[in-house]
Amino acid sequence: MELILSNFYSVLHISSKFGSNRMCRFQTIGILNNTFPDLKVDKFVRCLEFNNERSGAGLDSSPNSRFHQSCLFWQHPQLPWLDLYPRHSLRRADKPLFPVSSTVKEALYKDWSNSFRSLFQLVRTRHCPYFYMVANTFTCLFRAAGINGIGESTAYVCPTSGGFRKLLRKEGINFSMPLRENNKKRRSNGASENEDEEEEEEETEEVEQEEDEREETDWLASLGIAESEIGKIKTAEEASLLKTGDKNDDSLVVVDGCEVHALFNFLINCKSAIATTGPLAGIPPTLISPVAFTGGSLSSLKVRESTVKQDNERFYTIEVCGPILPNTVQNLCNILQENLETFSVTFANVDFTKAYTLCKGPNETITKSPSKQSNTFNMESLKDSGLDSKLLAAFCSENLHAFDSVRWNRNSFMIL
């Protein structure tokens with residue numbers, strides 16, 4: 001798919017990215033000179049707009065400053081000796097660098113819970129547009145009400161397994177799977193009767209599962225096993241369920257409205273989200289946000305510049321590595337657009353997070369609900385979310401596109 005745009009602010013991609021390459025035909029060293037880095041940090045922490053001279057009076061607003069300001073983000077936990085993003089690339093067979101005692105695990109979990117709770121409250125009050133929770137087996141995206149024109153908070157979890165979804169049903173959390181082929185067929189055929197029948201079948205299955213669990217508990221108790229040991233067996237069984245199933249883009253789970261709070265309560269108490277083996281054993285999931293939160297550490301993407309010769313022509317490349325957030329993609333592309341005549345960008349999408357953008361409209365319960373609000377109202381309600389006014393317009397629009405590369409040629413963007 002090719003999409004030609006005159007302004008990159010008119011398109012939004014909400015998947016998480018790990019790294020990107022920028023091939024430029026002009027010298028870009030001036031953009032990367034990191035002079036007075038504290039000024040860039042000051043503007044980022046204070047959420048000052050790039051082009052607002054009144055808000056940034058006396059501060060550097062050069063392309064150099066804006067480039068480095070765009071490379072900043074907030075993260076928790078921040079452990080310099082561990083690579084906490086992305087997590088799926090780590091081998092489970094690897095041993096941790098050092099053993100983590102139970103006391104340290106409890107301290108890390110308590111600190112992480114406070115940070116997770118802080119971020120969730122910021123999203124609820126629309127002081128944070130979105131944030132990511134990156135666990136070893138899945139990634140969860142929480143979005144504030146008003147993002148993508150949806151009047152309620154939403155959460156996306158991908159990939160998920162059958163065991164994970166079973167636990168959600170057990171906790172009474174309602175969710176949808178809009179990327180599933182059978183859901184699309186049901187909507188296209190309008191088979192409401194089939195939907196009712198399938199709901200009844202799911203309820204019957206849940207009742208049968210509860211009866212099986214009671215029988216298993218009674219059987220274990222008849223063998224003389226203590227209740228505490230039975231609880232440990234069930235916890236181990238639930239942990240194994242989280243690791244099995246159909247983990248792909250179609251397994252995306254969407255939660256909206258009041259159910260988002262129930263999902264938050266489930267995740268904050270889900271000990272299975274913390275690995276027990278491997279290099280990240282005992283380390284809570286990574287929280288990544290564009291705005292500050294309790295316990296968050298200010299981090300920066302790794303930027304490296306080099307030159308490449310191709311067909312006797314020299315190209316200048318900028319390699320940016322780390323968790324590249326949606327607003328970072330927008331800001332960096334627009335900075336380069338203003339200072340270069342041509343450039344191209346290639347992204348490395350984190351596995352399964354592309355499903356967040358693919359799910360821009362299939363869920364009719366969200367897109368056709370009365371909670372849909374005007375773009376102007378959403379922008380006004382999110383004005384304190386820390387996003388630039390131009391960027392906020394893109395986040396509040398319904399114009400979502402999945403892409404892997406961007407090209408700029410003098411007067412237009414080409415999205416591929």
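For clarity, every value in this text was computed on a predicted model and none was experimentally measured. The figures that follow rest on heavy atoms only: side chains count, while hydrogens, waters and symmetry mates do not.
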Side-chain heavy-atom pair F67, V303 within 4.5 angstrom cut-off: yes
Per the side-chain contact (heavy atoms from CB on, under 4.5 Å) rule, which among L301, T328, V345 passes with V320? L301
F266 ring centre to K170 NZ or CZ under 6.0 Å, with the angle to the axis within 45°? no
Which pair of non-hydrogen atoms, one from R126 and one from A145, has the smallest distance, and what is that distance? NH2-CB, 3.4 Å
Rounded at 0.5 Å granularity, tell me how far CG in D256 sits from CG in N174. 9.0 Å
Spell out, as yes or no, whether a donor-acceptor pair under 3.5 Å connects the side chain of T294 to the backbone of S118. no
Whether F142 and F116 hold their rings parallel, tilted or perpendicular, with breakpoints at 30° and 60°: perpendicular
Do T317 side-chain atoms and S306 backbone N/O form a donor-acceptor pair below 3.5 Å? yes
Quick check: closest heavy atoms across F120 and H261, and the distance to 0.1 Å? CE2-CD2, 3.5 Å
Specify the closest pair of heavy atoms between L252 and A355, including all atoms of both residues, with the distance to one decimal. CD2-O, 3.6 Å
Note, V134 side chain near P285 side chain (heavy atom, < 4.5 Å): no
So do the side chains of Y132 and P323 get within less than 4.5 Å of each other, counting heavy atoms only? no
About how many Å separate SG of C128 and CG of L382, when rounded to the nearest 0.5 Å? 10.0 Å
Donor-acceptor contact present, side-chain N148 to main-chain I150, <3.5 Å: no
Donor-acceptor check, side chain of Q75 to backbone of P77, threshold 3.5 angstrom: yes or no? yes
Taking W112 for its side chain and H76 for its backbone only, find out whether a donor-acceptor pair lies under 3.5 Å. no
Please name the pair of heavy atoms, one in I173 and one in A262, separated by the smallest distance, quoted to 0.1 Å. CD1-O, 3.6 Å
State the OG-CG distance between S70 and N327, to the nearest 0.5 angstrom. 8.0 Å
Kindly say whether E341 contributes a backbone atom to a donor-acceptor pair with the side chain of W408 at under 3.5 angstrom? yes
Determine the minimum heavy-atom distance between R407 and S344, stating which atoms define it. CG-CB, 3.9 Å
When you compare the side chain of F175 with that of T160, does any pair of heavy atoms fall below 4.5 Å? no
Mind checking whether H127 and V291 have side chains closer than 4.5 Å, heavy atoms only? no
Would a 4.5 Å heavy-atom cut-off, applied to side chains only, mark L280 and L82 as touching? yes
For F395 and Y130: C-alpha separation, side-chain torsions, deciding distance, then whether ring-ring contact (aromatic ring centres under 6.0 Å, His included) applies. CA-CA 10 Å; F395 272 80; Y130 65 90; 5.7 Å; yes
